[in-house]
Amino acid sequence: MAKGRYSRFPTRKSSSSTLILTMLIMFTFVILILLALGILSIPSTSGDSSRKANDLSNIIHNKMRSIGEDDARGERWAEVISWEPRAFVYHNFLTEDECNYLIELAKPHMHKSTVVDTDTGKSKDSRVRTSSGTFLPRGRDKKIREIEKRIADFTFIPVEHGEGLQVLHYEVGQKYEPHFDYFMDEFNTKNGGQRIATVLMYLSDVEEGGETVFPSAKGNISSVPWWNELSECGKKGLSIKPKMGDALLFWSMKPDASMDPSSLHGGCAVIKGNKWSATKWIRVNEYNI
C-alpha cells in the first residue's frame with residue numbers, strides 16, 4: 001500500500017511563528033534595557049494636556065549639562081521663549097571673562113551704527129538706530145573661534161554660515177527701532193545668501209531698559225515671569241531683559257524657508273546703565289567675506 005504524503009506547509013508555519021515570537025521577545029527585551037538606562041522615555045500626558053503653543057505663562061526651563069562644561073559660566077539652561085517667532089535663550093552662554101574680552105577688543109574700533117539701504121544695498125545713517133558698533137572678523141583669534149564653535153553647536157549650523165561678530169554699545173537713550181534681520185533687497189542676498197537666524201549675546205547687565213522686544217510675537221506676552229521688571233517699551237511685545245552672558249537665538253525664517261513677519265524686533269532705549277552686546281547673523285549660503 002502506498003504511503004500517504006504529508007505536506008510540509010504546517011511545519012513552515014510553525015517555524016515562522018516561532019521566529020516572529022522570538023523577535024518580539026528580543027525587541028521587548030531591548031526596549032526594557034533602553035528604558036532602564038534612561039535612553040528611551042515614555043511621553044507623559046499628565047499635566048501638559050492643557051498647554052497651548054503660545055502660552056507664555058508656563059515657560060519651560062530645560063537644564064542642559066554636558067561633559068567638560070566650563071563651570072565659570074555657571075548653571076546653563078535653555079529656555080523656550082516663543083514659537084512665533086521661534087526664539088530661545090541659552091543662559092550663561094558666555095563667561096564674564098569672555099564678555100569683557102569682546103568689549104575690550106571692540107572699544108578702540110567703535111563707530112556710529114548704520115542700517116542697510118534697501119534701494120542700494122549699502123549702509124547708511126539712520127535715526128532709527130542710534131548705537132555704536134564694530135565688526136570682528138570671523139575666526140579672528142582662538143577665543144573668537146571658540147565662541148563661534150559654541151554658536152554653531154547651539155544652532156546646529158556650521159561656522160562657515162555665520163557673519164563676523166558685531167559688537168554693539170548702547171548708552172542711555174540709545175535704541176534700535178523694530179526691524180527685520182532678513183533682507184528685502186537683492187544686493188545683500190547675493191552677497192552670501194539670506195539671513196535665516198540671529199544669535200544675540202548680552203555682554204553686560206542693564207539697570208533699566210534695553211530689552212530686546214518682539215512687537216509682533218504671538219502669545220499672552222503679559223504672562224511672562226519678568227513682566228513687572230520691563231520698561232514701558234518692553235511691554236509693547238514679547239521682551240527679553242539683557243543679562244550678561246545670556247544668548248538669544250531667534251529665527252527670521254520659518255521651517256518652510258518663508259520669511260517670518262513675527263520676527264520683527266528692536267532694542268528698547270537704555271534708561272539707566274550701558275548695554276553691550278555681540279550679534280552673529282547666520283545665512284543660508286556660506287559667507288566668505
Side-chain angles (χ1 to χ4, degrees), residues 52-56 59-60 78-91 93 113-118 121 123 126 128-129 131 133 151-152 154-157 161-163 165-166 168 170 175-189 191-202 210-224 226-227 230-231 233-243 246-269 275 277-285 287:
K52 298 180 180 180
N54 294 311
D55 182 7
L56 303 180
I59 290 177
I60 302 175
E79 192 169 26
V80 180
I81 300 298
S82 169
W83 289 115
E84 293 182 72
R86 292 179 292 156
F88 315 87
V89 170
Y90 190 146
H91 295 275
F93 184 77
S113 298
T114 58
V115 298
V116 176
D117 189 329
T118 56
S123 298
S126 174
V128 304
R129 190 182 193 187
S131 61
I151 292 172
F154 180 26
T155 61
F156 293 95
I157 299 177
H161 287 262
E163 299 182 28
L165 288 174
Q166 185 185 39
L168 294 169
Y170 294 82
K175 61 181 180 178
Y176 194 177
E177 296 287 348
H179 60 283
F180 297 108
D181 276 357
Y182 55 71
F183 297 118
M184 290 179 283
D185 64 273
E186 61 180 11
F187 303 100
N188 286 284
T189 51
N191 185 22
Q194 182 62 273
R195 285 176 175 169
I196 61 172
T198 300
V199 177
L200 175 60
M201 294 163 283
Y202 300 109
E211 301 95 345
T212 302
V213 59
F214 294 88
S216 299
K218 305 295 190 293
N220 50 339
I221 58 175
S222 62
S223 295
V224 294
W226 51 85
W227 177 257
L230 298 175
S231 66
C233 167
K235 291 182 178 180
K236 294 180 180 179
L238 174 63
S239 294
I240 293 86
K241 286 177 60 64
K243 180 181 179 298
D246 285 358
L248 166 65
L249 164 64
F250 63 90
W251 296 82
S252 297
M253 301 183 76
K254 299 178 181 179
D256 63 0
S258 62
M259 296 178 181
D260 187 355
S262 68
S263 68
L264 181 73
H265 64 284
C268 292
K275 175 184 175 183
S277 63
T279 302
K280 168 74 74 173
W281 287 291
I282 300 169
R283 298 201 179 200
V284 174
N285 298 324
Y287 193 84

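Values in this document were obtained by computation on a predicted structure and should not be read as measured data. What's counted below: heavy atoms across the whole structure, side chains too, no hydrogens, waters or symmetry copies.
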Closest non-hydrogen atom pair between Gly234 and Val213, with its separation:
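Closest approach of Gly234 to Val213: O-CG2, 4.2 Å.
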
Over all heavy atoms of both residues, which pair between Glu84 and Ser262 is shortest? Give the atoms and the distance, please.
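Scanning both residues completely, I find the closest heavy atoms to be C-OG, 3.4 Å.
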
Would you sort out whether Lys235 and Ile221 count as a side chain to side chain contact (heavy atoms under 4.5 Å, CB included), showing the intermediate values?
CA-CA 8 Å; Lys235 291 182 178 180; Ile221 58 175; over 6 Å; no

Looking at the rings of Trp251 and Phe88, which for Trp means the six-membered one, are their centres under 6.0 Å apart?
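Centroid distance Trp251-Phe88: not below 6.0 Å, so no.
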
Do [X] and [Y] have side-chain heavy atoms sitting under 4.5 Å apart?
X: Met253; Y: Asp260; answer: no
X: Ile196; Y: Ser252; answer: no
X: His265; Y: Pro178; answer: no
X: Phe250; Y: Val199; answer: no
X: Thr189; Y: Arg195; answer: no
X: Ser277; Y: Met201; answer: no
X: Leu249; Y: Thr198; answer: no
X: Thr212; Y: Ser239; answer: no

Heavy atoms from other residues, nucleotides or ligands near NZ of Lys236 exceed 12 (cutoff 6.0 Å):
no

Which residues pass the ring-ring contact (aromatic ring centres under 6.0 Å, His included) test with Tyr182, not counting sequence neighbours?
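ring-ring contact (aromatic ring centres under 6.0 Å, His included) check on Tyr182 returns Phe180.
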
Using a 6.0 Å distance limit plus a 45 degree cone around the ring axis, check whether Lys243 lies over the aromatic ring of Tyr202.
no

Walk me through it: do Ile240 and Glu211 pass the test side chain to side chain contact (heavy atoms under 4.5 Å, CB included)?
CA-CA 6 Å; Ile240 293 86; Glu211 301 95 345; over 6 Å; no

So if I apply the side-chain contact (heavy atoms from CB on, under 4.5 Å) rule between Gln194 and each of Arg283, Met259, Met184, which one comes out positive?
Met259

Would Ser113 and Ser131 count as a side-chain hydrogen bond (donor to acceptor under 3.5 Å, both in side chains) here? Give the steps.
CA-CA 6 Å; Ser113 298; Ser131 61; 2.8 Å; yes

Give a yes or no answer on whether the side chain of [X] reaches the backbone of [Y] with a donor-acceptor pair at less than 3.5 Å.
X: Ser82; Y: Ala87; answer: no
X: His91; Y: Glu79; answer: no
X: Thr155; Y: Ile151; answer: yes

Does Leu165 form a side chain to side chain contact (heavy atoms under 4.5 Å, CB included) with Thr279? I'd like the steps, not just the answer.
CA-CA 6 Å; Leu165 288 174; Thr279 302; over 6 Å; no

With sequence neighbours left out, write down each residue that passes side chain to side chain contact (heavy atoms under 4.5 Å, CB included) with Lys175, or none if nothing qualifies.
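Thr130, Glu177, Ala269.
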
Side chain to side chain contact (heavy atoms under 4.5 Å, CB included) involving Ala217 - partner list, sequence neighbours excluded
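For Ala217, the residues satisfying side chain to side chain contact (heavy atoms under 4.5 Å, CB included) (neighbours in sequence not counted) are Pro85, Phe214, Leu238.
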
Stepwise, does the side-chain hydrogen bond (donor to acceptor under 3.5 Å, both in side chains) test hold for Ser223 with Asn220?
CA-CA 6 Å; Ser223 295; Asn220 50 339; 3.1 Å; yes

